[in-house]
Amino acid sequence: MTPNGWLQFLVFFAALLLLSRPLGIYIAHVIEGGKTFLDPVLRPIERLIYRISGIEAEEMNWREYAGAMLLFSFASLALTYLVERAQHFLPWNPQHLPGVAADLAWNTAASFTTNTNWQAYTPESTMSYFTQMVGLAYHNFLSAAVGIAVAIALVRGIIRKQSASIGNFWVDITRTTLYLLLPLCLLLAPVLIEQGVVQNLKPYTAVSTLDHGQQTLAQGPVASQEAIKMLGTNGGGFFNANSSHPFENPTPLTNFLEMLSIFLIPAALVFALGEMTGSPGHGRAVFASMAMLFIAGFLTIYWAESQPHPLLHHVDQHVSALQSGGNMEGKEVRFGISQSALFAAATTDASCGAVNSMHDSFTPLGGMVTLVNIMLGEIVFGGVGSGLYGILIYVVLSVFIAGLMVGRTPEYLGKKIESFDVKMAMLYVLIFPLIILVLTAISLLSPMGLGSLNNSGPHGLTEILYAFTSAAGNNGSAFAGLSANTHWYNYSLGFAMLIGRFLMMVPVLALAGNLAQKKSVPPSHGTFPVNTALFSLLLTGIILIVGALTFFPALSLGPVLEHLLLHAGHLF
Amino acid sequence: MKKTLFISIRFTLLTAVLLGVAYPLAVTAFAHYAMPRQADGSLLSVDGHIAGSQLIGQQFTGDRYFHGRPSAAGNGYDATSSGGSNFAQSNAKLVARINHDAAEDAARTGKPAPIDLVTASASGLDPDITPAGALYQVNRVAEARHMDPQQLRSLVEAHITGRQFGFLGEPRVNVLELNLALDQSSR
């Protein structure tokens, strides 16, 4: 842990604060159809999309909204599946890669439709440029837009009074894509290219290396995909090594911008919440809870990864002016410990899942934090949209518990929280651990699950637990030693991703619809204020208690046990 | 329901053309005209043929060159199969590998090996080593090339890239660029 590492963290956090608030206000403005300076260019494109698709911009109730969301997701999933299967007949395949196998194509289509970007394959030897562009990067835009749309629909549920509708799904995803995601990508991609991220459609480059060897450099339209991969908290690498690959993330500056891109929209959405509900203080209180959890996670990873390995001999693991020391297995020299720890914290706090270092090779405790971040539901800024609706579920629970403590009907920003609302919130909270723990248990008891392990002992358990947590949480990062390209993992993880996305979005929309049709009650003496420090602390406490109670037993058998045994001198 | 399905299909195809084709092609065209060197992979030419990418590490063996880090990409620095070892800290194979390599280095130099020289990078293509890792190899390379170690040390120091803007990332030495300079200086 070095002064320079702290400085990088502070600059990162300051930049996030500085940028996310104005962007949040912009989002709140755009999503309700407000005029912007981009209108002259984008408005005609927007109208054209509505006209060709046959979209009439009328209000929808929550069932219609959910129906459109599900049907669109199904149609776009089918597109990606077909593109993968038929890529050898399609253009921009200079390496003549064959069509993708059925189970892998299904897993990947589910993965990108659900904003997970779990990758059971090595992209540079599996996916053609066309598949990456049309099959995968396409979803990086639309799955992000769908997440934001659902979050906005929930916010509308909170602010509307006695309304049957929560917005129009098609308008929400179109405007989000055109006015938010696309312009940000067009700003970010050129900077990435300037720093060295590749962007071409050429065949792979053959190189005669200096030391008389041969090397083939994988190429591709990377920068355009990298931009939306980070801004949409997707995380699917153009290359197997993801953001540790020098063609995806060549310099410390690109790393800084990629980390910032992970948090930018999720953090902005929290401010958009404050703006749209007319209670900026509530937005700030939620932001404070998230910031506490983020800082705690980062500090733990940074500390853990700076520690020397207890069983190495003849190795200099100390920090000096000439090296960053610490645990460098699976990390890049240009990022060192601090930028790797910060990236790992951000990518798992959000549902991004891009990695610039290999979480599988982290120290047991550093790796545990990345896992815990996902287990908490990725509500620390979280995925684009999913982070906001995820934390709002916890807000509903917090208000409910606070109401129980004082013996009054809980209220949230003027809406009474009643039986149906709490049921939907609990459904959301319960589905998640249920998928993870059941599928992990099945894998641990079967040869088809255990056969894929790269590490044995407690770390093996963590590899499997991480895979299902990442899939159900729609994160997409991995303890990548697990060989996940098998029938069992392709199908079971694909299933976990779909459940973890859609079975959790539907209760959110039901909650939105139910809140929208309620009357608004003025605050009274019994109302628990949601814009105070006390509220932030309560919310943080409830997130930690729910997460800890659910997953503590599994964690103690995995990373905690591994840490204790490693420091007692046991290897596996 | 049927109407929504038709909208879904038309919307999917239309946005796939816009975001999946038009957007990346526009960025590719821009990159090709505005920044062709970076867009094509920051390639380095020596005597008219491509010697590699400035950004992608290469395998170096023997004493005449500075070595990069151990690589888990394919059989080592395979740029079509990037990735790390994914060994856990508690994996006996990892600890045996590091201790074996470090013991060899230490026996030769009398000093413990810098951590980056005995650990595999995340990408398997890390182009860099730490300044400590480069200086550690100076005596070996100088001996193999019959050079003055002090002169070689200066060459290494001239190839240290500092933190970007003075605070981002870590100081580092690009192994391929250092070795290219080495070949040129001893011609």
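Letters A, B, ... mirror the listed sequences (proteins, then strands); counts begin at 1. In what follows, every heavy atom counts, from backbone to side chain, and hydrogens, waters and symmetry copies are set aside.
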Which atoms of [X] come close to chain A, meaning under 4.5 Å heavy atom to heavy atom: side chain ones, backbone ones, both, or neither?
{"X": "B:Ala102", "result": "both"}
{"X": "B:Thr4", "result": "both"}
{"X": "B:Phe30", "result": "side chain"}
{"X": "B:Thr161", "result": "neither"}
{"X": "B:Arg64", "result": "neither"}
{"X": "B:Tyr65", "result": "side chain"}
{"X": "B:Leu14", "result": "side chain"}
{"X": "B:Ile160", "result": "neither"}
{"X": "B:Arg37", "result": "neither"}

Polar side chain donor-acceptor pair, A:Asn249 to A:Asn356, under 3.5 angstrom: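 No - no donor-acceptor pair under 3.5 Å links their side chains.
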
Whether over 12 other heavy atoms sit under 6.0 Å from B:His100 NE2: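 It does not: B:His100 NE2 has 12 such atoms or fewer within range.
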
Can you see whether A:Tyr129 has A:Lys202 sitting over its ring - NZ or CZ less than 6.0 Å from the centre and within 45° of the normal?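 Negative - A:Lys202 is either too far from the ring of A:Tyr129 or too far off its axis.
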
Would A:Phe141 and B:Tyr23 count as a close aromatic pair, with their ring centres under 6.0 Å?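 They qualify: ring centres under 6.0 Å apart.
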
Pair A:Trp170 and A:Tyr50, ring centroids less than 6.0 Å apart: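 For A:Trp170 and A:Tyr50, the ring centres are not under 6.0 Å apart.
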
Within residues 131-158 of chain B, residues adjacent to chain A where the heavy-atom gap is under 4.5 Å: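 Checking residues 131-158 of chain B against chain A gives B:Pro131, B:Ala132, B:Leu135.
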
On the 0 to 90° scale, with breaks at 30° and 60°, tag the A:Phe169-A:Phe72 ring pair as parallel, tilted or perpendicular.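 Judged by the thresholds at 30° and 60°, the geometry between A:Phe169 and A:Phe72 is tilted.
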
Identify which one of B:Asp126, B:Leu180, B:Ile129, B:Asp128 satisfies the side chain to side chain contact (heavy atoms under 4.5 Å, CB included) criterion when paired with B:Val175.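 In the set B:Asp126, B:Leu180, B:Ile129, B:Asp128, the residue that makes a side chain to side chain contact (heavy atoms under 4.5 Å, CB included) with B:Val175 is B:Ile129.
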
